[in-house]
Amino acid sequence: MTSRHIPSPSRRTVVRAAAATAAAVPVLSATAAAAASPSTDSARAAAPAPAFLHGVASGDPLPDGVLLWTRVTPEPGAEPGSGRGADTPVRWEVAEDREFTAPAGSGTTLASAASDHTVKADVRGLRPATSYYFRFTAGGEGAEVRSPVGRTRTAPATGASVAGLRFGVVSCANWEAGWFSAYRHLAARGDLDAVLHLGDYLYEYATGGYPTQGAALREHRPAHEILNLADYRLRHGTYKTDTDLQALHAAHPVIAIWDDHEFANDAWSGGAQNHTPGTEGVWAERVAAAKQAYFEWMPVRASTEGTVHRRLRFGRLADLHLLDLRSFRSEQASIGNGSVDDPERTITGRAQLDWLKAGLAGSDAVWKLVGTSVMISPVAFGALPAHLLGPLTGLLGLPKEGLAFSVDQWDGYTDDRKELIGHLRDRGIRDTVFLTGDVHMAWASEVPVKAATYPLSPSAATEFVVTSVTSDNLDDILRVAPQTVSTVASAAVRTANRHVKWVDMDSHGYGVLDVTAERSQMDYYVLSDKTAQDATSAWVRSYRTRRGTQKVERVDRPVR
């Protein structure tokens with residue numbers, strides 16, 4: 001059994017949800033549950049020191065290991081980003097049972113202000129495809145405090161024949177726009193191998209700065225737009241006081257990538273739509289702060305370049321290629337700054353695109369899953385009323401002039417998409433499935449080689465897009481009942497885009513991707529009300545792609 005501490009990159013209440021996850025994780029102790037309350041600062045001040053106020057998490061499962069995470073509050077008032085609190089030794093334990101009578105490993109690390117008192121343990125020496133339980137302990141002798149207990153799971157052995165895999169899939173969770181009930185429902189499932197978070201884990205805006213249905217349901221901390229390291233740390237810490245989010249992390253390993261709002265809206269390599277250099281500082285310094293806080297607060301292994309593009313393998317059934325589509329991209333096209341077809345412009349960067357192409361070509365897995373934060377399927381619009389076109393341009397990142405392409409998606413970087421789709425076609429790479437978030441809508445699409453002549457021309461891959469957890473979609477923006485005016489827009493999109501088989505512009509929820517050797521199926525679940533803490537969840541649709549087809553077809557029931 002080995003472990004190593006993961007340093008920060010050099011650059012740059014009773015817990016309601018825990019009861020819902022009793023089948024997967026034990027209920028928090030009374031002390032930890034009280035400490036986990038996000039309600040008031042007085043609750044934090046009354047907590048013992050040290051304390052685990054932000055839960056526990058695991059991520060990036062390997063056949064022999066997993067990354068463990070927690071944050072220690074070393075003393076009252078030592079909130080995220082404050083720099084307060086002494087260095088605190090932390091012990092981690094892994095066991096095969098929740099009572100920890102069958103230990104599988106342990107070690108110690110140090111929570112310090114340099115890493116915002118977050119700690120990671122990259123635990124190795126575990127058995128493949130096995131569920132484990134983990135916890136942390138801090139404090140001196142006679143005053144030890146234990147964290148909540150988490151459950152995690154390792155990946156199958158690299159060459160193993162795997163009957164099936166099941167992943168929760170989520171994206172776009174705005175704290176101010178609703179409750180994170182989607183996380184609670186995924187946490188309650190005991191059948192997931194991991195949860196894939198496709199970006200916009202948090203939002204950078206000031207309180208009230210992002211469209212919400214009425215007043216903010218709960219206010220961001222800090223209240224201003226986050227710009228520096230202390231700001232990003234406090235925003236991460238605020239999100240991780242949400243009990244549903246804590247329950248998700250305690251129940252399943254999370255595999256995460258970032259999108260733009262982990263930095264600023266419509267981020268690219270040299271700036272962002274929501275960044276003004278004259279008043280908001282140097283972009284490179286803001287990015288470095290955002291990335292440092294991200295790697296401190298997320299159970300994610302950084303790539304060798306200090307980004308989130310990386311590859312995970314799940315036996316011979318699936319390879320998961322995870323992309324970073326913000327760090328290397330060119331500025332989004334608009335009138336006067338470049339064409340979407342300019343071959344000099346990129347969404348991936350040359351090195352990452354080559355890495356992806358090589359990984360896809362060299363994969364012997366049945367399924368090539370690609371986690372991408374923005375849509376790769378092309379989207380054009382037929383005739384739409386102005387009152388619908390306007391909100392859709394905002395959601396899809398279209399120019400305000402109403403041009404029929406989405407410049408923040410792969411539609412704005414057509415040369416990279418052409419090269420990647422051509423690579424799949426020319427190398428005979430089949431069974432590639434793109435898994436996507438970002439647009440606050442659910443889609444099931446085929447990825448055409450030539451959209452203009454589809455379906456007479458072939459499909460090179462398929463794409464499943466999940467809707468937002470809380471972030472506003474069409475009915476929220478228009479302040480209308482769901483599944484009313486959006487039906488006009490959905491019909492127009494499908495008419496103009498024959499490769500799009502389904503689009504839901506109104507719902508909030510999550511997906512469950514079930515993978516077998518014969519097919520990959522996405523089951524879509526929606527919430528009853530994102531503004532209700534006790535929101536229920538219901539299955540609404542399922543689509544699958546059968547092996548060898550590169551096509552999407554509707555299924556009349558979910559896998560479970």
Side-chain angles (χ1 to χ4, degrees), residues 17 20-21 23-24 57 59 165-175 177-203 239 242-257 259 261 320 369 371-373 375 433-444 463-473 475-476 482 502-515 520-544 555 557-560:
T21 63
L165 295 166
R166 193 169 293 170
F167 302 102
V169 190
V170 290
S171 74
C172 303
N174 182 2
W175 173 273
W179 299 101
F180 294 163
S181 300
Y183 295 156
R184 170 168 46 88
H185 290 289
L186 283 171
R189 296 183 66 122
D191 60 342
L192 302 181
D193 292 280
V195 171
L196 180 59
H197 201 297
L198 295 167
D200 293 343
Y201 183 95
L202 52 72
Y203 282 72
Y239 274 63
D242 182 272
T243 55
D244 293 335
L245 180 54
Q246 288 191 5
L248 180 76
H249 278 300
H252 310 294
V254 170
I255 302 166
I257 57 175
D259 193 25
H261 292 291
L320 175 59
L369 308 178
T372 170
S373 57
M375 284 176 61
V433 180
F434 291 90
L435 306 171
T436 309
D438 178 65
V439 292
H440 311 174
M441 295 179 274
W443 301 63
E463 182 172 30
F464 298 126
V465 183
V466 294
T467 187
S468 65
V469 173
T470 64
S471 301
D472 287 358
N473 45 27
D475 62 320
D476 300 319
W502 179 64
V503 55
D504 178 353
M505 299 183 174
D506 292 335
S507 300
H508 301 278
Y510 57 92
V512 175
L513 180 73
D514 189 89
V515 182
S520 288
Q521 176 170 324
M522 183 69 85
D523 299 332
Y524 292 89
Y525 292 83
V526 302
L527 301 175
S528 58
D529 183 354
K530 71 172 184 175
T531 66
Q533 278 190 279
D534 59 351
T536 58
S537 170
W539 168 80
V540 63
R541 286 270 184 136
S542 290
Y543 287 87
R544 71 184 177 193
V555 186
R557 63 178 62 87
V559 174
R560 173 184 179 271

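- Although no hydrogens or angles enter the test, the distance criterion places a donor-acceptor pair under 3.5 Å between the side chain of His252 and the main chain of Leu186.
- Heavy-atom minimum distance, Asp242 versus Asp244: OD1-N, 2.9 Å.
- The two residues Gly437 and Val465 make their nearest non-hydrogen contact at O-CG1, 3.7 Å.
- Side-chain atoms of Tyr183 and Tyr510, non-hydrogen and from C-beta on, never get closer than 4.5 Å to each other.
- Here Asp504 does not pair with Arg541 in a salt bridge; the nearest charged N to carboxylate O distance is not below 4.0 Å.
- For the residue pair Ser507 and Tyr524, no side-chain donor N or O sits within less than 3.5 Å of a side-chain acceptor on the partner.
- Residues Met522 and Leu435 form a side-chain contact, since some pair of their non-hydrogen atoms from C-beta on lies under 4.5 Å apart.
- In this structure, Val170 and Val195 have side chains that are in contact, with non-hydrogen atoms separated by less than 4.5 Å.
- Taking every heavy atom of both residues into account, Ala532 and Ser181 meet most closely at O-OG, 3.5 Å.
- Side-chain atoms of His185 come within 3.5 Å of backbone N or O of Ala535 as a donor-acceptor pair.
- Smallest separation of non-hydrogen atoms from Cys172 and Ser468: O-CB, 3.5 Å.
- The line from CG of Leu192 to CG of Leu248 is 9.0 Å long, rounded to the nearest 0.5 Å.
- Within a 6.0 Å sphere centred on CZ of Arg560, other residues, nucleotides and ligands contribute more than 12 heavy atoms.
- Atom OG of residue Ser528 and atom CG of residue Asp534 lie 7.0 Å apart, to the nearest 0.5 angstrom.
- Using a 4.5 Å heavy-atom cutoff, the side chains of Val512 and Arg189 are in contact.
- At distances below 3.5 Å, not a single donor-acceptor pair connects side-chain atoms of Asp523 with backbone N or O atoms of Ser542.
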- Task: Walk me through it: do Thr467 and His508 pass the test side chain to side chain donor-acceptor pair (under 3.5 Å)?
- Result: CA-CA 6 Å; Thr467 187; His508 301 278; 5.0 Å; no
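- Shown here for Gly371 and Ile257, the closest heavy-atom pair between the two residues is O-CD1, 3.7 Å.
- Considering CG of Leu369 and CG of Leu196, their distance stands at 9.0 Å, rounded to 0.5 Å.
- To the nearest 0.5 Å, atoms CG (Asp514) and CG (Leu165) are separated by 8.5 Å.
- Expressed to the nearest 0.5 Å, how far CG of Leu245 lies from NE2 of His197 amounts to 7.5 Å.
- You'll find the side chain of Asn473 stays beyond 4.5 Å of the side chain of Met505, heavy atoms only.
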- Task: Let me see the working for Met375 and Asp438 under side-chain contact (heavy atoms from CB on, under 4.5 Å), right down to the final yes or no.
- Result: CA-CA 8 Å; Met375 284 176 61; Asp438 178 65; over 6 Å; no
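- Using a 4.5 Å heavy-atom threshold, the side chains of Leu198 and Asp259 count as separate.
- Ser520 and Val515 get closest at one heavy-atom pair: OG-CG1, 3.7 Å.
- Between Tyr239 and Trp175, the ring centre distance stays below 6.0 Å.
- Under the 4.0 Å criterion applied to side-chain N and carboxylate O atoms, Asp472 and Lys530 are assigned as salt-bridge partners.
- Comment: Arg166 does not engage Asp193 in a salt bridge, judged by the lack of any side-chain N to carboxylate O separation of less than 4.0 angstrom.
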